[in-house]
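Below: one structure, written as structure tokens.
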There are 2 protein chains.
Amino acid sequence: MRLADLSKRSGVSTATIKYYLREGLLPPGRQVNATTAEYDEGHLRRLRLVRALIQVGKVPVATAREVLGHVDDESLGRTIRLGAALWALPQDAEPDEADPAVAAARTEVGRLLELLGWETAREMAPLSPVHRSLVVAVAALRRLDYPWDAELMAPYGALMMEVARRELDFMETHASDAEQVEMAVASAVLFQPVLRALHRLAQEEESARRYGIE
Amino acid sequence: MRLADLSKRSGVSTATIKYYLREGLLPPGRQVNATTAEYDEGHLRRLRLVRALIQVGKVPVATAREVLGHVDDESLGRTIRLGAALWALPQDAEPDEADPAVAAARTEVGRLLELLGWETAREMAPLSPVHRSLVVAVAALRRLDYPWDAELMAPYGALMMEVARRELDFMETHASDAEQVEMAVASAVLFQPVLRALHRLAQEEESARRYGIE
DNA sequence: CTCCTTGGAGAGTGCCGCTCACCAACACGG
DNA sequence: CCGTGTTGGTGAGCGGCACTCTCCAAGGAG
């Protein structure tokens with residue numbers, strides 16, 4: 001398969017594919033000679049993943065490169081690889097440590113993890129970027145005077161744990177570590193729009209049920 | 001309160017506040033004379049909401065303006081107002097109707113709503129932008145060969161309904177329609193990062209529990 | 001009276017995800 | 001073996017967006 005074929009089968013323009021190659025999102029093809037390179041099904045698969053991350057998941061190109069780098073790092077075990085890939089994903093702003101809402105949010109998130117019994121998450125908390133973006137989001141809610149507290153949030157955490165369990169069950173039906181990590185990244189990113197849409201549909205549905213369509 | 005005070009109390013630069021005023025995200029202050037305008041607590045509250053939408057929720061400025069327009073539209077009843085605001089929120093790309101994955105996704109989403117018994121959502125389906133972005137996201141998952149089907153997704157839908165019920169219960173503790181709609185919008189947008197973070201933390205936690213830290 | 005601040009508005013900035021234009025080296029059909 | 005078209009590679013350009021800068025004349029504060 002050459003570049004033009006890759007483009008046809010993926011629906012991505014050759015210019016964009018070249019850009020992804022340049023940015024290191026897509027590994028180079030097998031160079032046949034100075035003007036020809038061969039791509040295989042693996043490239044097509046990776047290209048579709050890249051597109052999904054960027055277009056549906058809105059992941060910045062630089063972040064996608066980093067995440068995919070971890071996915072491909074065969075020197076790591078599965079858990080570390082998964083962790084590294086997930087850690088590379090968030091691109092939220094740094095919390096403003098001077099803001100009292102941030103400090104309060106941090107405390108409350110700590111209590112939440114305790115309530116949920118998420119020991120690994122608690123140990124990793126000071127370093128984890130995921131933890132950090134949780135703090136930022138909670139701080140934003142608090143600034144809007146939403147009485148957010150750990151007890152209120154614990155059920156959501158439990159629900160997300162339920163979601164994660166289903167995903168890992170499903171991942172286990174797949175063969176290689178790389179495939180599993182790839183799948184975990186795809187779920188982390190692509191289930192987001194799905195959950196968001198279901199969430200909003202549920203809001204509308206429940207609102208219509210409670211109050212009718214006035 | 002003048003512009004500079006509004007800036008100090010919100011932590012948003014005067015230049016940015018002026019920009020929001022120009023873009024219609026913030027209603028103008030009470031004009032005292034040609035060079036002075038007075039802002040009140042309502043402006044501060046709105047400004048915080050705008051910031052949360054844009055910075056944490058990553059909602060584009062143009063979209064935020066539209067959403068807030070619906071929140072403020074007192075000619076509408078609560079359900080319609082909520083629906084209008086939520087409909088204005090998504091900013092996903094249009095589905096490519098020529099793509100067979102999109103057609104398959106549409107069918108599958110229809111079956112999902114049937115399984116969940118979400119009648120209002122089914123009636124609104126052809127028009128709803130939220131429904132549309134669900135189709136886009138599901139199509140992306142299908143293209144990656146994830147065997148997504150309605151039965152697999154139904155539990156997620158049920159979980160999101162549970163989340164929505166909690167939110168509406170909480171909303172009911174608040175007074176005016178406008179406040180309730182504002183709160184619904186804030187949840188729709190700000191719970192997203194919270195859920196995302198909890199989801200990823202749960203993934204890491206469960207992975208560590210199952211496989212240890214190799 | 002003097003200096004500072006105000007609201008308003010246009011133009012500029014920086015980033016980002018492409019997209020275009022151009023290149024010499026080659027592939028391939030006839 | 002020739003002519004046309006395609007290849008990988010690269011620099012520059014584009015359009016959108018969220019600000020941010022700069023300037024202005026009109027007031028306000030001490």
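What you see below is based on every heavy atom in this structure, not just the backbone, and it leaves out hydrogens, waters and symmetry mates.
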Between protein and nucleic acid, restricted to nucleotides 28-30 of chain D and to nitrogen or oxygen atoms under 3.5 Å apart, what atom pairs and distances do you find?
from: D/dG28; atom 1: OP1; to: B/Asn33; atom 2: ND2; distance (Å): 2.0

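Here C/dT5 presents its C1' atom at 11 Å from NZ of B/Lys8, a figure rounded to the nearest Å.
Contacts between residues 46-72 of chain B and DNA chain D, defined by a heavy-atom separation below 4.0 Å, involve B/Arg51, B/Ile54, B/Pro60, B/Val61, listed by number. Of all the residues in residues 12-28 of chain A, A/Ser13, A/Ala15, A/Thr16, A/Tyr19, A/Tyr20, A/Arg22 reach under 4.0 Å from DNA chain C with at least one non-hydrogen atom.
Sorted by first and then second residue, the salt bridge (Lys or Arg N to Asp or Glu O under 4.0 Å) pairs involving residues 22-39 of chain B (not counting sequence neighbours) are B/Glu23-B/Arg65. Residue pairs satisfying the salt bridge (Lys or Arg N to Asp or Glu O under 4.0 Å) criterion with at least one member in residues 5-20 of chain B, sequence neighbours excluded, are listed as follows: B/Arg9-B/Glu41.
Legend: residues meeting side chain to side chain contact (heavy atoms under 4.5 Å, CB included) with A/Ala164, ordered by chain and number and at least two apart, are B/Ala202, B/Gln203. In this structure, B/Asp149 has no salt bridge (charged side-chain N to carboxylate O under 4.0 Å, His left out) partners at least two apart in sequence or on a different chain. In this view, A/Ala85 and A/Val67, A/His70, A/Val71, A/Val181, A/Val185 satisfy the side chain to side chain contact (heavy atoms under 4.5 Å, CB included) rule, not counting sequence neighbours. Partners of B/Thr16 under the side-chain hydrogen bond (donor to acceptor under 3.5 Å, both in side chains) rule, at least two apart in sequence or in another chain, are B/Ser13. Among residues two or more places apart in sequence or in another chain, the side chain to side chain contact (heavy atoms under 4.5 Å, CB included) test is passed with B/Arg48 by A/Arg143, A/Leu144, B/Leu44.
The pair A/Arg166-A/Glu162 counts as a salt bridge, with a side-chain nitrogen and a carboxylate oxygen less than 4.0 angstrom apart.
Between C/dT6, C/dG7, D/dG8, one nucleotide has an atom nearer to the side chain of B/Tyr39 than all others, and that is C/dG7.
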Identify all side-chain donor-acceptor contacts of residues 124-135 of chain A below 3.5 Å with residues at least two apart in sequence or on another chain.
from: A/Ser128; atom 1: OG; to: A/Val130; atom 2: N; distance (Å): 3.2
from: A/Ser128; atom 1: OG; to: A/His131; atom 2: N; distance (Å): 3.1
from: A/His131; atom 1: ND1; to: A/Ala125; atom 2: O; distance (Å): 3.4
from: A/Arg132; atom 1: NH1; to: A/Glu94; atom 2: OE2; distance (Å): 3.0
from: A/Ser133; atom 1: OG; to: A/Asp92; atom 2: OD2; distance (Å): 3.4
from: A/Ser133; atom 1: OG; to: A/Pro129; atom 2: O; distance (Å): 3.2
from: A/Ser133; atom 1: OG; to: A/Val130; atom 2: O; distance (Å): 3.0

Pair up each side-chain donor or acceptor in residues 100-109 of chain B with any protein partner under 3.5 Å, not counting sequence neighbours, and list the distances.
from: B/Arg106; atom 1: NH2; to: B/Glu97; atom 2: OE1; distance (Å): 3.2
from: B/Arg106; atom 1: NH2; to: B/Glu97; atom 2: OE2; distance (Å): 2.7
from: B/Thr107; atom 1: OG1; to: B/Ala103; atom 2: O; distance (Å): 3.0
from: B/Glu108; atom 1: OE2; to: B/Arg111; atom 2: NH1; distance (Å): 2.7
from: B/Glu108; atom 1: OE2; to: B/Ala150; atom 2: N; distance (Å): 3.1

